[in-house]
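Any value given below was found using the heavy atoms of this structure, including those in side chains, with hydrogens, waters and symmetry copies removed. Index from 1, following the sequence.
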Amino acid sequence: MNDLFYRLKNLPYYLCPAFIMSAVVIFLINLITLIPGERFSSLYNGFFSGISALFAFAAAGLICYAVSKNTKKALASGFCILLFDLVLFSLCNVHISFAVAVILSLVFAFVYGKNDFYPAFFACSLLSLVLALCVGLSYDFLYSALKSFCLGLKGRGALFGTVNNLYSILFSDNLEKLFYHKDYSGTAFVDGKIVSGVMDVFSAQGIAGINASKFLSGKYFVNIFLSVGIFSLIFPRLDREGKAAVFLCLLNAVVFGDTRLFALFVLVFNPLMYFGYLLLVFLSYFFANLLDIRMMFFRQGSLIEMFKYMDKPFYFLLAGAVLAVLSFFVENIIISKFDFQSKRILPYEVRKIVNSLGGESNIERINKGELLVKNPNLINILNLDCEIRGNRVKLLYDDLEKLKQFL
């Protein structure tokens, strides 16, 4: 159990290369798709969901390598994730999601860490195949259930925004499509035809109606102002690689409106912060509806589209600034109460050495290849291979290196 907590605590650091790689690719593809043309639009639509497969492969390999320190096992873990994605996409044209990729990667890392290569590879491959088949074959039923669920969200823009943010990293973008292009967000009679979906109605009429304030405008607050507020809180707490990762995720959220990686970073950094984030998403959509700010978008609610479709600039910017400050203080309260990153969680092998030395409180420091302890009588020499000279303890090289890494 302690090993599991240790892995969960270190997820942001394990996944930083995956965040950086995926965020850079997203940014470059979005730059290309700014070029007008139907082909570039198709590239954007296909890539928007496909990027999760790239992240999934990287996440599986990095987490497994961080746990097992074995390149062969890390690549095999990535293969199992790709197998899952291939089967799933073949059956229902849906890629693996970000959160599912992380969960499966943790499971695979546990299996590979506890077993030899070939038994672990067989078990993980079989698990990937069975899970993908179960989800793929039941997809039509699940999608029907989603449509029924959406009836309860119809007309409730703030609730939709909250659920959609959670849904997008757990599953896919199907939920927002039901509101953007189906009648869950409203219909209109235009030129003798019934048009469904808030974005399609705007395209047909050229007018942002009341449904824009319910289902679209709040996304600008989430993408830009909430992201900046939370970024300013967690950025100073990260190392250099973590800062690069969260900054690139922020760029994609603000400039191109793709918050999936940023929201996932918040989730793996501190799960309780993510629940605070969902509350702030609810408030963002609620304020947009309350102020009747009607701002459309055709991609994801980016900074570029914000200037193009801005409505009530004074109220919009004022509400955005309030939400940015509110997000900083709300998340700061959460992280001050539950700062998982500051808590020392040691792996099982390291914890065993520390306990044999009389606990962390009995360890003073490591000096010139030796360990200085307060009370040598507390050392359990039956469980630890060491030499004791006064308050100086000489450990095996491997044991000492493990202590250096975590203490």
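When all heavy atoms of Ala58 and Met21 are compared, the pair lying nearest together is CB-CE, 3.3 Å. Taking every heavy atom of both residues into account, Met310 and Met295 meet most closely at CA-CE, 3.7 Å. In terms of heavy atoms, Leu323 sits closest to Leu283 at CD2-CB, 4.4 Å. The two residues Asp292 and Asp311 make their nearest non-hydrogen contact at O-OD2, 3.7 Å. Asn252 and Ala23 get closest at one heavy-atom pair: ND2-O, 3.0 Å. Contact between Leu153 and Phe215 at its shortest, heavy atoms only, is O-CE2, 4.4 Å.
At a threshold of 4.5 Å between non-hydrogen side-chain atoms, the residues Val198 and Lys214 do not count as touching. Annotation: side chain of Leu104 is in contact with side chain of Leu131 (closest heavy-atom distance under 4.5 Å). Put simply, the side chain of Asn30 reaches to within 4.5 Å of the side chain of Arg299, judged on heavy atoms. Residues Thr162 and Tyr285 fail the side-chain proximity criterion, which asks for heavy atoms closer than 4.5 Å. Put simply, the side chain of Ile96 reaches to within 4.5 Å of the side chain of Phe84, judged on heavy atoms. Annotation: side chain of Leu272 is not in contact with side chain of Lys337 (no heavy-atom distance under 4.5 Å). Side-chain contact between Leu11 and Leu106 is present, with heavy atoms from C-beta onward closer than 4.5 Å. Side chains of Ile224 and Met306 form a contact here, defined as non-hydrogen atoms less than 4.5 Å apart.
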>> The test is side-chain contact (heavy atoms from CB on, under 4.5 Å); show your working for Leu226 and Thr259 and say whether it passes.
In response: CA-CA 10 Å; Leu226 291 193; Thr259 60; over 6 Å; no
> Stepwise, does the ring pair (Phe, Tyr, Trp, His ring centres under 6.0 Å) test hold for Phe121 with Phe79?
Replying inline: CA-CA 9 Å; Phe121 178 70; Phe79 169 82; 5.7 Å; yes
>> With side-chain contact (heavy atoms from CB on, under 4.5 Å) as the criterion, how do Cys124 and Phe108 come out once you've worked through the C-alpha distance, each side chain's angles and the decisive distance to 0.1 Å?
In response: CA-CA 6 Å; Cys124 292; Phe108 294 160; 3.5 Å; yes
> Going through the distances and angles, do Val373 and Leu378 end up as a side-chain contact (heavy atoms from CB on, under 4.5 Å)?
Replying inline: CA-CA 9 Å; Val373 298; Leu378 296 178; over 6 Å; no
> Under the ring pair (Phe, Tyr, Trp, His ring centres under 6.0 Å) criterion, do Phe247 and Phe235 qualify, and how do the steps go?
Replying inline: CA-CA 8 Å; Phe247 177 73; Phe235 183 79; 7.3 Å; no
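Other residues, nucleotides and ligands place more than 12 heavy atoms under 6.0 Å from the CZ atom of Phe117. Other residues, nucleotides and ligands contribute more than 12 heavy atoms inside 6.0 Å of the OH atom of Tyr167. Remark: Lys243 NZ is packed, more than 12 non-hydrogen atoms of other residues, nucleotides or ligands lying under 6.0 Å away. Enclosure of atom CD1 in Ile194 is not indicated, since only 12 or fewer non-hydrogen atoms of other residues, nucleotides or ligands lie within 6.0 angstrom.
How far CZ of Phe122 is from CG of Asn115: 12.5 Å, rounded to the nearest 0.5 Å. Interatomic distance, OG of Ser105 versus OH of Tyr14, reported as 13.0 Å (0.5 Å rounding). Atoms CD1 and CG, on Ile293 and Leu216 in that order, are 13.0 Å from each other to the nearest 0.5 Å. Taken from CG in Leu175 to CG in Leu146, the straight-line distance is 5.5 Å, to the nearest 0.5 Å. From Leu261, atom CG reaches atom CD1 of Ile26 across 4.5 Å, with rounding to the nearest 0.5 Å. For the atom pair CD of Glu331 and CZ of Phe231, the computed distance is 14.5 Å after rounding to the nearest 0.5 Å.
Ser217 contributes no side-chain N or O that, together with a main-chain N or O of Met296, makes up a donor-acceptor pair within less than 3.5 Å. Checking side-chain atoms of Asn223 against main-chain N and O of Gly301 turns up a donor-acceptor pair under 3.5 Å. Side chain of Asn70 to main chain of Lys72: a donor-acceptor pair is present (N/O by atom type, distance under 3.5 Å, no hydrogens or angles). Using modelled atom types, no side-chain atom of Asp258 and backbone atom of Gln300 make a donor-acceptor pair closer than 3.5 Å. With hydrogens and angles disregarded, no donor-acceptor distance shorter than 3.5 Å links the side chain of Ser77 to the backbone of Lys73. Side-chain N or O atoms of Ser52 include none that pairs as donor or acceptor with a backbone N or O of His95 at under 3.5 Å.
When ring centroids are compared, Tyr180 and Phe297 come within the 6.0 Å threshold. Taking the centre of each ring, Phe221 and Phe316 come in below the 6.0 Å mark. Aromatic ring centres of Phe19 and Phe55: separated by under 6.0 Å.
Tested against Ile230, the residues Phe225, Phe262, Tyr274 include a single side-chain contact (heavy atoms from CB on, under 4.5 Å) partner, Phe262. Only one option out of Val195, Ile207, Thr187 pairs with Val201 in a side-chain contact (heavy atoms from CB on, under 4.5 Å); it is Val195. Considering Asn355, Leu371, Asn391, Asn375 as possible partners of Asn362, the one that fulfils the side-chain contact (heavy atoms from CB on, under 4.5 Å) test is Asn375.
Checked by atom type, the side-chain pair Asn164/Glu176 shows a donor-acceptor distance below 3.5 Å. Between the side chains of Tyr184 and Asn211, no donor N or O sits under 3.5 Å from an acceptor N or O.
Ring pair Tyr139/Tyr143 is parallel by interplanar angle, where below 30° counts as parallel and above 60° as perpendicular.
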